[in-house]
Number of protein chains: 2
Amino acid sequence: MSRHILVAALCAPLAVPALADPLPSWDDAGAQAKIVAFVDSVTEEGGAGYVEPSRRIAVFDNDGTLWSEQPAYFQLFFALDFLKAEAEKDPSILTSPALKAGAAGDLEALAATGMDGLLEVIEVSHAGLSTEAFQARARDWATTAVHPTSGLTYAQMTYAPMVELLGYLRDNGFSTWIVSGGGVDFIRGFAEAAYGIPPWQVIGTRGRTEWDPVSKTVMKTGGVALIDDKEGKPVGIAQQIGVRPILAFGNSDGDYQMLDYVTSGEGPSLGLIVHHTDAAREFAYDREGHIGVLDRALDEAEGHGWVVVDMAAEWSTIWSGE
Amino acid sequence: MSRHILVAALCAPLAVPALADPLPSWDDAGAQAKIVAFVDSVTEEGGAGYVEPSRRIAVFDNDGTLWSEQPAYFQLFFALDFLKAEAEKDPSILTSPALKAGAAGDLEALAATGMDGLLEVIEVSHAGLSTEAFQARARDWATTAVHPTSGLTYAQMTYAPMVELLGYLRDNGFSTWIVSGGGVDFIRGFAEAAYGIPPWQVIGTRGRTEWDPVSKTVMKTGGVALIDDKEGKPVGIAQQIGVRPILAFGNSDGDYQMLDYVTSGEGPSLGLIVHHTDAAREFAYDREGHIGVLDRALDEAEGHGWVVVDMAAEWSTIWSGE
């Protein structure tokens, strides 16, 4: 074993739980108390709730749970920005009403072209390149493009309290994963820098891909292979992780089945929901609208024992970039 | 950070490379020299070949690379044994020529029923249960059922020199993964105990699965969702790992594309092939036959810089269970 590991372990910061607040951005009296109690229980060797480290698997939705998703999913802004830039270089690519609407940033006209039109717009940025090149494209965009209302880059609009929670869980031997309806390689573009979550711990919607023996890369060829939302989330978890996680955090009804799966195992588990209650500092939404709808999961949370986090009341800060 | 990590690091065995053979089952003058040189290079901080630990990703084929695959893929024996046992309990389940042939262990008659017949036989053991229950079923079989000629259980027929290699790589900060044409949940049944490879580091062929909201499990529903062989291997790696590995080990032409993908990246890499040359202690095969055919990859290995391991000459031991 490399002596580097020994040196690193000696030099690593030693957290002393009894003397410092492990989650300083969180209101001690809210969800934090339940989170810390759960972590204390699964890490207490010899305790009734002990879970060995390799099985301390925590899964997180991304849009609306780890970063914002208003006024639209950020991946859509990525697709539109790329289309716009390509059209500026060569307007002849705008060969359909959907592409014209997308390049003009006219979301209503784009919505009118239906799913086919949306997929056409997405394809411009999401096909014809390798998965590695696509991750780099997503990284560049997320760290430079500016959100329409916040004044921050998209990568700055991750939730600081959630980034804090991810670090706290990892300090306690958890592995942290993303399970998202967003594109897996889109998320991989920024998740390691933004969240400390490496590429192989991201599960998401997959575009179709093919091995290219000439470039020796795996190319994105267009179209969708698997949508990782709702019932797709437990399926994706079973495919890629292969064991049931013990902690799940979501924000919408698209996370209902993931929360149900994770909190229905035989051992200890914890399910949590971010409730977007903060019109002043972020966006307030739940049952209405089309993005991040939280309705059934909110009604049934108490019966399942899922903890609902009130952003306005419990988070002392919102975005990482502020 | 838990003080447990510090104690564990202090108590972990300190390997002293210069004084002990890191791969005692391997002939020092063969592939071992190239493996150790590669590992020394990627772990030397400040060296030209340095790779940071999270990117030291090593991928291994399973059948014929980590355990034997003769006289047939072991997963087929699993399917046949299960069918036989079910038929003994209830002979009325044998409703087709394929099922009758399978239950009788008549591989030639089964082969005559084609792919449809084979899938019918496989479905008996591989559908109608959760992924968790299926992993347990595979684990029970692999650790108890005995191979037709070796006298060992199937789990004992892993290659001791490869298990040694996996440990050596992990001691040097590598993560070790399986990328197999075999079933992902079949392999997960025994890979952690046999190889130290956890479920989330197994990539394989996937059966179709569905979320069941009643049992709160992910159920195997029958049929194949994705075959992880040949061109499917780089695709599976890109989907599940999300970055290009730096070491790949296979044994057949089904691993050609994986070897090509891994050894065509920009940084350091190493590709290796196990060549089944040992009729006395294991099975000798390469270009002929239907299982683990090694033909094109053997011819092109030298041109690609892939190291070919001669089992008969380079391994002082074969099976873990002997």
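So you know, we letter chains A, B, ... as the sequences are listed, proteins then strands, and number each from 1.
Options B:D212, B:T263, B:D260 differ in how many heavy-atom pairs under 4.5 Å they form with chain A, and the most are formed by B:D260. In terms of heavy-atom pairs under 4.5 Å with chain A, the best-connected choice from B:R206, B:Q201, B:Q135 is B:R206. Note on B:R244, B:Q257, B:E210: by heavy-atom pairs under 4.5 Å with chain A, the leading option is B:R244. Between chain B and the options A:M219, A:K233, A:K230, A:K216, heavy-atom pairs under 4.5 Å are most frequent for A:K216.
B:F186 and B:W141 have tilted rings, their planes meeting at an angle from 30° to 60° on a 0 to 90° scale.
In this structure, the portions of A:Q240 lying under 4.5 Å from any heavy atom of chain B include both its backbone and its side chain. Contact annotation for B:T131: only side-chain heavy atoms (C-beta onward) come within less than 4.5 Å of a heavy atom of chain A. Using a 4.5 Å cut-off between heavy atoms, A:I57 contacts chain B through its side chain alone, with no backbone atom that close.
A heavy-atom distance below 4.5 Å is found between the side chains of A:P245 and A:I237.
Salt bridge status for A:R188 with A:D185: present, with a side-chain N to carboxylate O gap under 4.0 Å.
Aromatic rings of B:W211 and A:Y256 (six-membered ring for Trp) have centroids beyond the 6.0 Å cut-off, not under it.
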Show your reasoning for whether ring pair (Phe, Tyr, Trp, His ring centres under 6.0 Å) applies to B:F78 and B:F134.
CA-CA 12 Å; B:F78 164 71; B:F134 181 77; 5.8 Å; yes
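When each of A:L66, A:I178, A:D171 is paired with A:L166, the side-chain contact (heavy atoms from CB on, under 4.5 Å) condition holds for A:L66 and for no other.
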